[in-house]
Visitor: 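Next up is a structure, given as structure tokens.
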Amino acid sequence: METFFTLALLTVIYGLFFLSIYPEKYLRKISHIYNHKNFPEYSKFSLSAPIFFSFLMGYSLAATMVFIFIS
């Protein structure tokens, strides 16, 4: 149970860390339509890929840390 909690907590921490250093220019959609029309600000950002990859990297790093320190 402690191992699972540690893995989950480290995954969240590392995932949020990687998401915070993700450049903002990659979060914006590359589209002429979104930049020149009156769309709401939240629709001008594509967050699905950065969130997925940051938590994937966070999980990988957390799993490595748990494996090294537990084993």
Side-chain angles (χ1 to χ4, degrees):
M1 187 69 183
E2 293 88 10
T3 305
F4 173 73
F5 180 72
T6 304
L7 183 63
L9 187 65
L10 286 176
T11 300
V12 170
I13 290 170
Y14 289 140
L16 290 175
F17 169 73
F18 286 129
L19 188 62
S20 71
I21 62 173
Y22 211 85
E24 185 181 341
K25 69 178 181 176
Y26 294 118
L27 297 177
R28 293 202 177 271
K29 291 182 178 179
I30 308 296
S31 177
H32 182 73
I33 296 170
Y34 289 108
N35 291 331
H36 296 289
K37 293 205 178 191
N38 292 330
F39 282 100
E41 280 297 317
Y42 66 86
S43 67
K44 293 182 183 179
F45 292 98
S46 175
L47 292 176
S48 58
I51 289 173
F52 173 74
F53 286 120
S54 66
F55 279 100
L56 180 66
M57 290 188 306
Y59 175 75
S60 300
L61 186 60
T64 303
M65 291 297 171
V66 168
F67 178 74
I68 288 173
F69 288 116
I70 299 288
S71 296

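Note that this is a predicted model, so its numbers are computed, not measured. Computed over heavy atoms, backbone and side chain alike; hydrogens, waters and symmetry mates excluded.
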Visitor: In terms of hydrophobic clustering (I, L, V, M, F, W, Y; side-chain heavy atoms under 4.5 Å; direct or indirect links), are M57 and L19 co-clustered?
Guide: no

Visitor: Quick check: do M65 and L61 have side-chain heavy atoms less than 4.5 Å from each other?
Guide: yes

Visitor: Are Y59 and I70 connected into the same hydrophobic cluster when the rule is that any two of I, L, V, M, F, W, Y join if their side-chain heavy atoms are below 4.5 Å apart?
Guide: yes

Visitor: Between F18 and I21, is there a side-chain heavy-atom distance shorter than 4.5 Å?
Guide: yes

Visitor: Crowded around F55 CZ? As in, over 12 foreign heavy atoms under 6.0 Å?
Guide: yes

Visitor: Roughly how far apart are I51 CD1 and L56 CG, rounded to 0.5 Å?
Guide: 13.5 Å

Visitor: Could you state the interatomic distance from OG1 (T11) to CG (L7), rounded to the nearest 0.5 Å?
Guide: 4.5 Å

Visitor: Any chain of hydrophobic side-chain contacts (each under 4.5 Å) joining V12 to F67?
Guide: no

Visitor: What distance separates F69 CZ from T64 OG1, expressed to the nearest 0.5 Å?
Guide: 11.0 Å

Visitor: How close do A62 and L10 get, counting heavy atoms only, and between which atoms?
Guide: CB-CB, 3.6 Å

